[in-house]
Amino acid sequence: MNKTFRQGQILKLIRAKSILTQEDLARELKDSQGIRTTQVTLSRDIRELGLLKTPEGYRQVGAAPASPDIATVAGEFLQDVRVAQNLMVLRTSPGNANTLAVALDKQEWPEIVGTLAGDDTILVVAPDTGTAVKLQQRLLRYLRTG
């Protein structure tokens with residue numbers, strides 16, 4: 001387990017639930033990811049990630065730059081979606097696979113385990129075949145509306 005992974009899991013946790021204390025954060029990291037960490041390490045991570053403690057829990061300071069929503073990106077670039085068991089192959093216009101993959105990753109949809117982008121093709125991994133089929137239908141709606 002490296003620092004980047006740990007910090008990514010911290011961000012994922014604070015976005016998903018209210019984490020009020022470092023003790024709560026340490027417990028959630030251990031329980032959900034099996035990550036054991038010290039208070040000193042958590043303090044450093046919190047500082048490096050730019051987290052602030054609010055009444056609702058830790059939050060990241062400064063909004064990320066606005067990027068187009070998934071409907072806009074998929075409507076513009078997505079051309080086809082094919083399912084092969086729990087995998088999906090998305091085709092885009094040349095040079096636009098990475099843009100769509102990043103937009104998908106930012107959605108943090110639980111039905112997407114991960115993405116891998118090339119020039120005009122994205123491999124999307126779903127947990128199982130049924131989920132992949134449902135996700136295919138969801139993505140194909142963007143083709144019809146885009």
Can you tell me which residue pairs pass the salt bridge (charged side-chain N to carboxylate O under 4.0 Å, His left out) test with a partner in residues 19-28, sequence neighbours excluded?
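Passing the test, one end in residues 19-28: K17-E28, D24-R27.
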Show me the pairs that pass salt bridge (charged side-chain N to carboxylate O under 4.0 Å, His left out) and involve residues 108-128, at least two apart or across chains.
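Of all non-adjacent pairs touching residues 108-128, those that pass salt bridge (charged side-chain N to carboxylate O under 4.0 Å, His left out) are R15-E108, R91-D120, E111-R138.
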Quick check for you: to the nearest 0.5 Å, what is the distance between [X] atom [atom1] and [Y] atom [atom2]?
X: L78; Y: L139; atom1: CG; atom2: CG; result: 6.5 Å
X: Q7; Y: N2; atom1: CD; atom2: CG; result: 9.5 Å
X: R59; Y: L52; atom1: CZ; atom2: CG; result: 11.0 Å
X: L143; Y: F77; atom1: CG; atom2: CZ; result: 13.5 Å

Partner set under side chain to side chain donor-acceptor pair (under 3.5 Å) for Q22, not counting sequence neighbours:
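Expected list: Q39, S43.
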Trace of the side-chain contact (heavy atoms from CB on, under 4.5 Å) decision for L29 with L25:
CA-CA 6 Å; L29 283 169; L25 183 55; 4.3 Å; yes
Can you tell me if D105 and T115 form a side-chain donor-acceptor pair at under 3.5 Å?
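Yes - a donor-acceptor pair under 3.5 Å links their side chains.
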Does one side chain, of N96 or T99, offer a donor that lies under 3.5 Å from an acceptor on the other?
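Per modelled atom types, N96 and T99 side chains form no pair under 3.5 Å.
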Can you see which heavy atom on V83 is nearest to which on M88, and at what distance?
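Heavy-atom minimum between the residues: CG2-CG, 3.7 Å.
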Quick check against the 3.5 Å criterion: does N98 have a side-chain atom that pairs as donor or acceptor with the backbone of A117?
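Not confirmed, N98 side chain does not pair with A117 backbone.
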Do side-chain atoms of Q136 reach the backbone of V81 as a donor and acceptor pair under 3.5 angstrom?
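Indeed, once roles are kept as given, a pair shorter than 3.5 Å links the two residues.
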Any Lys/Arg nitrogen of R47 or D45 sitting under 4.0 Å from an Asp/Glu carboxylate oxygen of the other?
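No.
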